[in-house]
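Quick note on labels: first sequence line is chain A, next is B, and so on, each numbered from 1. Both backbone and side-chain heavy atoms feed into the values below; hydrogens, waters and symmetry mates do not.
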Amino acid sequence: METATLQPLAAALPPSPSLNHRILTATTVPHFKQIHAQILRSGLDISAPFLSRLLALPLASSPSSLDYALSVLLHSPSPDFRLANRALRALSSATDPRWTLVAYGRLRRAGLALDRFSFPTVLRAAARVRGVAGVVAQEVHGLAAKTGLDADPFIQTAVVGAYTALGRAAEGRMVFDRMHHRDLVAWGVMLDGYCQSGCYNEALQLFDEMKSSGVIPDRVILATILSACARTRNLTSGGAVHSYIVESNLSIDAHLQSALISLYSSCGSMDTAQRLYDDTSPKNLVASTAMVFGYAKLGKIAVARSIFDQMTDKDLVCWSAMISGYAESDQPNEALKLFNEMHLLGVKPDQITMLSVISACANMGARDQAKWVHIFVDKNGFHQILSIRNALIDMYSKCGSLVDARTIFDETAFKDVITWTSMITGFAMHGNGRSALAVFDHMISEGVKPNGVTFISLLYACSHAGLVDEGRRIFESMIQDYRLEPKHEHYGCMVDLLGRARLLQEALEFIESMPFAPNVVVWGSLLGACRIHGDVKLGELVARRLLELDPNHDGAYVLLSNIYAKASRWEDVREVRNLMKNKGVIKEAGFSWIELNGHVHEFMMRDKCHPRSNEIYGKLDEVVKELELVGYSPDTATVLVDLQEEEKREAILLHSEKLALSLGLIDSKKGSSIHIAKNIRVCNDCHTFMKLASKVFEREIVLRDRTRFHHYKDGVCSCGDFW
DNA sequence: ATAGGGTTAG
């Protein structure tokens, strides 16, 4: 390849065959230095071929040899701009874009002007270097304008690309709109630019404008648009593009095929995606990754895994897809295992992989693992990236270390809305409603605009802390002051807030006042409140409404049977259970896990799978006896089924968190803290049990349930028994 | 110039 590009240059050389040959075969900087000395002695100006060769070699990608190359250039007998521009372009082809910018800076300072072929080079480099490059892009744009070159379509296209790559899509669009001649590449850069900046709807709109102005899209443009549709889960627009492709008889290459597969798998249409994928031969990495992603998103994690396992030559992206698949389908342990495997194979993660890994760690709530991931993040230079810091804040909150979360939060100079919201969520989860509200006030005083998620967090903070008036005020403020439209989730939070505070009638009226039909989330919140307060009549009504909306809503059946059980209506309990059985509705099984010395131990109810099972059950007996001495008596009121009292007692004593606690007590000392996580809500009896255990055994017990943390200490829980 | 993976809540 290099020989080919050097042919014309070699032909232009003065008759000095041996020197020429030496240039073409040189491979190291010392070697080049020798030749350079020889060139200077010969008095010939053959810097151009010399530099071309020097810059084409991989060694030009190290700072010291780049330095050398530039110094040769700047000290050549007549450093003219043609040579400088050639050097710049040679440099840009194979190296880190940052050095192209360094070289550009040196050439500028030496007073060498850019030609029209170098502007795009520098702009492309600037576009690839995020962060510091905005200034460069603007400067280069200004420079092009000064020399009148900004009317050149190639330069204009590059300017559009640079702005959009830096997230300044609107500025890119302004340049694009002023272009007199737009070829397909220009359209492609603008469309892709919108996608890069996350402006997918603008991309779709521009695509329509493009078609109505009579420009015929090619495969490249169509692949870009399909990708935009995939990312926005827009099957309507995507399907239209697919039809267009079929109607126009366009041949479908691997890129386009992958884009189509990705569209359908992103939208959850796995049947169509699978059909297209079956037609693909050979299977390519991108299409396979899209399939893995699609199945994982639907929870068909085993299917995803089997495709993943069949892939040879896995790259970073498919590892990430599989890892995030596990992370998002509540298998954080598997996600971390896979990350380890990838790590051992020497595949280097990027920030996207790390976000999935951090999120997996957060969902697992494992503190030792969390620490390990944090160290990994620091060591590998990810710690300055804002999205990573945001994920870390969330991770530490969910692992029970609010202090660590707070530290990262405080040490984050530039905070975006997610940073603030994550911190608010952290306080909300730990029942610290006042701190959550204080963080919100701080956020507002810093001029950061809250979004819908921020308000969900705030309302949950109020709900978990019993701050009813504050919650009402925030809901109003969201509409009045921030002009945000409350969605189902917000109404659900409000119903939860009112319901927990025993304001059941007001909660019902609130639902009836909604401007749109309430969904399962909203009714579900009220149902939960009915269970807490034992309102059988309202609970029954709500559960029926819920089951009308979703006949397979497992939560509704469970809560309904709970309510009946609480009222000892065993006949009704049986009916509900039968109904569940007939419909094949399965109650989500409760399980708990505890991390001890870096290992995660999982427990189901009555679980005897643990290798130290005997020891654990022995400890549990002992614990129960000791707690009974201080007045504990199993609260069997919440046991769903009509069992004999003795059976009920046994059932409740074998809840998974009690097993986890027993192991925790065996393996820890007095005065230490025990961290347990559970996938569903903690029951009344376990809650009392934990409170007493914290006092009798002198441990702080931190229990994370589905939505929040309980910190038990000296017989008291941080939730104030309000959860 | 093009296709695949990501952070806050639920």
The side chain of [X] is closest to which nucleotide in this list: [options]?
X	options	value
A/N284	B/dG5, B/dA3, B/dG10	B/dA3
A/S356	B/dT8, B/dG6, B/dG4	B/dG6
A/V220	B/dA3, B/dA1, B/dG6	B/dA1
A/E328	B/dA3, B/dA1, B/dT7	B/dT7
A/V521	B/dT7, B/dG10, B/dA3	B/dG10
A/V453	B/dG5, B/dA9, B/dA3	B/dA9
A/A223	B/dA1, B/dT2, B/dA9	B/dT2
A/A290	B/dG4, B/dA1, B/dT7	B/dG4

Would you say a side-chain N or O of [X] is under 4.0 Å from OP1 or OP2 of [N]?
X	N	answer
A/R219	B/dA1	no
A/K398	B/dA9	yes
A/K297	B/dG6	yes
A/S227	B/dG4	yes

What is the distance, rounded to the nearest whole Å, between atom [atom1] of [X] and atom [atom2] of [N]?
X	N	atom1	atom2	answer
A/W523	B/dG10	CH2	P	21 Å
A/I388	B/dT7	CD1	P	11 Å
A/L184	B/dA1	CG	C1'	10 Å
A/D253	B/dA3	CG	P	12 Å
A/L250	B/dT2	CG	P	18 Å
A/I393	B/dT7	CD1	C1'	10 Å
A/L263	B/dT2	CG	P	19 Å
A/L458	B/dA9	CG	P	13 Å

Applying ring-ring contact (aromatic ring centres under 6.0 Å, His included) to A/F440 and not counting sequence neighbours gives A/F455
Need one value for [X]: base, sugar-phosphate or nothing, where a base atom within 4.0 Å counts as base even if backbone is also close, heavy atoms only.
X	result
A/D192	sugar-phosphate
A/Q257	nothing
A/L316	base
A/Y460	sugar-phosphate
A/L222	nothing
A/T353	base
A/R231	sugar-phosphate

Taking the six-membered ring of A/Y482 (Phe, Tyr or Trp), confirm whether the NZ or CZ of A/K449 is under 6.0 Å from its centre and within 45° of its axis. no
Ring centroids only, cut at 6.0 angstrom: are [X] and [Y] within range, meaning strictly under it?
X	Y	value
A/F207	A/W187	no
A/W319	A/F339	no
A/F119	A/H141	no
A/F409	A/F427	no

Can you check whether any acceptor in the base of B/dG5 is under 3.5 Å from a donor in the side chain of A/D350, or vice versa? yes
Report, as yes or no, whether the 6.0 Å neighbourhood of atom CZ on A/F516 holds more than 12 heavy atoms from other residues, nucleotides or ligands. yes
